**Q** 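Attaching a single structure in structure tokens format; questions to follow.
Everything numeric here is computed off the predicted structure, so don't read it as measured data. Within every chain, numbering begins at 1; the chains are lettered A, B, ... in the order of the sequence lines, protein sequences first and strands thereafter.
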Amino acid sequence: MFALADVNSFYASCETVFRPDLKGRPVVVLSNNDGCVIARNAEAKSLGVPMGTPWFKMRSEFERHKIVTFSSNYALYADMSARVMTILEEMSPCVEIYSIDEAFIDLHGVSHCQNLETFGQEVRAKVLQWTGLTVGVGIGPTKTLAKLANHAAKKWPQTGGVVDLSIMARQRKLMNLVDVGDVWGIGRRISKKLNDMGIKTALQLADASAPFIRKHFSVVLERTVRELRGESCLALEEFVPTKQQIICSRSFGDRVSDYEQMREAICSHAARAAEKLRGEHQYCRHISAFVKTSPFAVNEAYYGNTAGTKLQTPTQDSRDIVAAATKCLDTIWREGHRFQKCGVMLGDFYSQGVAQLGLFDEYQPRSNSEQLMAVLDGINHSGKGRIWFAGQGIQKSWEMKRQMLSPAYTTRFSDLLRAKL
DNA sequence: TCTGGGGTCCTAGGACCC
DNA sequence: TCTGGGGTCCTAGGACCC
């Protein structure tokens, strides 16, 4: 048996927890660069603010409805997430952190000593008491059914925020009410194709023939069908699998047409990617860089390109990664465009920095690379200051916009809230 | 003027091997 | 004139997730 716990309107709730004065007012949070709406509290949802729409299109409407708008504050959300996950881990033996605001819980042990719905209510109460955030809990014999139960817990408030689908009859009753597109793993494309085939509800999908689904779609959807029937195909993954790739990319605050600025941005993303790579205790061989103009610009030719390179030996040294990324940039850079975004990708990971060399390869290992990188990371994680490569730039005029950023309430001393008695 | 970032998995097709 | 079968590996692209 699985439970899925997720925080209601997570980003928006993190903001309002520290701003009791916003109670009852509509609140939204924007994506990086203040681009799109990515979170809305209940009040904003009931005003019909759609998810994913660009802010500039909504701006005047937001002002009219006095909608409070925040830039993304990931330092705050990551810290609040860690607090929620810690509580879940204290209350149950096996937890899989699925995303910043969701976790699957293995209820194997729990079900022997406690009613599952009661357990769900206790989780809600404790998270609310200790963090001020509200979670919904869905329970089911498979991950997909737990997800579905969670969906129902959020959609119908009369459930009290907990839905238990242990019993088959309840599963079928709920699935009959749920659109097939609301099932976990079914996006817009597959949803449309299923609809065209006459499969409109989750129940119809559950009752579809597995070989038929496999033939017309893929093994992924076949698994979903089996999971909806109560056959568990997806296990709880308690330990985070090692990453296959690392991507660091950002939209620019303003369009970039200048090579020097682009180079700074690529250097910065490469250095960040290298730091993440070391955090994973990995070495990479494949490094690529990409640039793109806005796909939405009219009267402007789109240009986007990627270049990659493969090193002879896996590396985790920022100097190698920055050098490779800028070399890639030089092969795809074109004058005369207004670039919107760039990024660096790392792949082909190894657990150590050695590789089989060819007979005639000449290779000089860097001396003290590991130690130097450890010093670099040590300084940058100390909280006392940062050092970086000159190529990353000083002014960083290309950096993203965050004009409505809230304080780092929980992770910076100077931003701590003060309470007046 | 202004449209996010970071991932995973699967499949098809091409290059190459014997 | 006739031109196999079976396999691996890699990459690009498409789908999905939050």
**Q** Looking at B/dG6, C/dC18, B/dT8, which one has an atom nearest to any side-chain atom of A/E102?
**A** C/dC18

**Q** What does A/I246 touch in the nucleic acid at a heavy-atom separation under 4.0 angstrom: a base, only the sugar-phosphate, or nothing?
**A** sugar-phosphate

**Q** Which part of the nucleic acid, if any, lies within contact of A/R402, taking any heavy atom under 4.0 Å across all strands shown: a base, the sugar-phosphate backbone alone, or nothing?
**A** nothing

**Q** For DNA chain C, report each stem as range with range, ordered by first number, or say none. Use Watson-Crick or G-U wobble pairs under 3.5 Å, at least 3 in a row.
**A** B:5-18 with C:5-18

**Q** Taking 4.0 Å as the cut-off, does a side-chain nitrogen or oxygen of A/R285 come that near to OP1 or OP2 on C/dC10?
**A** no

**Q** Write down the distance between OH (A/Y11) and P (B/dG4), rounded to a whole number of angstrom.
**A** 15 Å

**Q** Pick the nucleotide of DNA chain B nearest each of A/R272 and A/F56; which residue has the one closer to the 5' end?
**A** A/F56

**Q** Looking only at side-chain atoms of A/R189, point me to the closest of B/dC10, C/dC16, C/dC17.
**A** C/dC16

**Q** For A/K292 and B/dG4, give me the distance from atom NZ to atom C1', rounded to whole Å.
**A** 10 Å

**Q** So, for A/Y11 and A/Y74, is the gap between ring centers shorter than 6.0 Å?
**A** yes

**Q** Rounded to whole angstrom units, what separation is found between the CD1 atom of A/I190 and the C1' atom of B/dT11?
**A** 13 Å

**Q** If you count heavy atoms of other groups shown closer than 6.0 angstrom to NE2 of A/H108, is the number above 12?
**A** no

**Q** Just to confirm, is there a sub-4.0 Å distance from OP1 or OP2 of B/dC9 to any side-chain nitrogen or oxygen of A/R223?
**A** no

**Q** Take the protein atom CD of A/E222 and the nucleotide atom P of C/dA15, then report the distance between them rounded to whole Å.
**A** 20 Å

**Q** Side chain of A/Y98 only, heavy atoms from C-beta on: which candidate in C/dC18, B/dT1, B/dT3 is closest?
**A** C/dC18

**Q** Do A/W184 and A/F2 make the cut of ring centroids closer than 6.0 angstrom?
**A** no

**Q** Any side-chain N or O of A/K310 under 4.0 Å from OP1/OP2 of C/dC10?
**A** no

**Q** Rounded to whole Å, please give me the gap between CG in A/D101 and P in B/dG5.
**A** 19 Å

**Q** Kindly point out which of C/dC17, B/dT3, C/dA15 is positioned nearest to the side chain of A/P54?
**A** B/dT3

**Q** Heavy-atom nearest nucleotide on DNA chain B for A/K243 versus A/R338: which residue maps closer to 5'?
**A** A/R338

**Q** Backbone N or O of A/Q340 within a donor-acceptor pair of the A/T293 side chain at under 3.5 Å?
**A** no

**Q** For A/R250 and B/dG7, what is the distance between atoms CZ and C1' respectively, to the nearest whole Å?
**A** 14 Å

**Q** How many whole angstroms separate atom NZ of A/K193 from atom C1' of C/dA15?
**A** 11 Å

**Q** For A/I186, report the nucleic acid contact type (base, sugar-phosphate, nothing); a contact means any heavy atom under 4.0 Å.
**A** sugar-phosphate

**Q** Is the phosphate of B/dC9 approached by A/S218 (side-chain N or O, under 4.0 Å from OP1 or OP2)?
**A** no

**Q** Of A/N8, A/T16, A/I87, A/V17, which is the lone residue that meets side-chain contact (heavy atoms from CB on, under 4.5 Å) with A/L133?
**A** A/V17

**Q** Could you check, using the six-membered ring where one of them is a Trp, whether A/F339 and A/W398 have ring centers closer than 6.0 angstrom?
**A** no

**Q** Separation of A/I38 atom CD1 from C/dC17 atom P, in whole Å?
**A** 17 Å

**Q** Using the P atom in both, what is the distance from C/dC18 to B/dT3, to the nearest Å?
**A** 25 Å

**Q** A/D254: what forms a salt bridge (charged side-chain N to carboxylate O under 4.0 Å, His left out) with it, not counting sequence neighbours?
**A** A/K401

**Q** Check step by step if side-chain contact (heavy atoms from CB on, under 4.5 Å) holds for A/I97 and A/E89.
**A** CA-CA 10 Å; A/I97 298 172; A/E89 280 167 344; 3.9 Å; yes

**Q** If you look at every strand shown and take non-hydrogen atoms under 4.0 Å, does A/K401 touch a base, only sugar-phosphate, or nothing?
**A** nothing

**Q** Base, sugar-phosphate alone, or nothing: which one does A/N32 contact when heavy atoms must sit under 4.0 Å apart?
**A** sugar-phosphate

**Q** Hey, is the side chain of A/Q340 poking within less than 4.0 Å of OP1 or OP2 on B/dC2, counting only N and O atoms?
**A** no

**Q** How far apart are the C-alpha atoms of A/Y409 and A/E15, what are their side-chain angles, what is the distance that settles it, and do they pass the side chain to side chain donor-acceptor pair (under 3.5 Å) test?
**A** CA-CA 10 Å; A/Y409 298 107; A/E15 300 290 350; 5.1 Å; no

**Q** Remember a base hit wins even if backbone is also touched, and classify A/R59 as base, sugar-phosphate or nothing at under 4.0 Å, heavy atoms.
**A** nothing

**Q** Using a cut-off of less than 4.0 Å, is there contact between a side-chain N or O of A/K147 and OP1 or OP2 of C/dC18?
**A** yes

**Q** Classify A/Q244 by what it touches in the nucleic acid, base, sugar-phosphate, or nothing, heavy-atom distance under 4.0 Å.
**A** sugar-phosphate

**Q** Base, sugar-phosphate alone, or nothing: which one does A/W55 contact when heavy atoms must sit under 4.0 Å apart?
**A** nothing

**Q** Out of B/dT11, C/dC18, B/dG6, which nucleotide sits closest to the side chain of A/S249?
**A** B/dG6

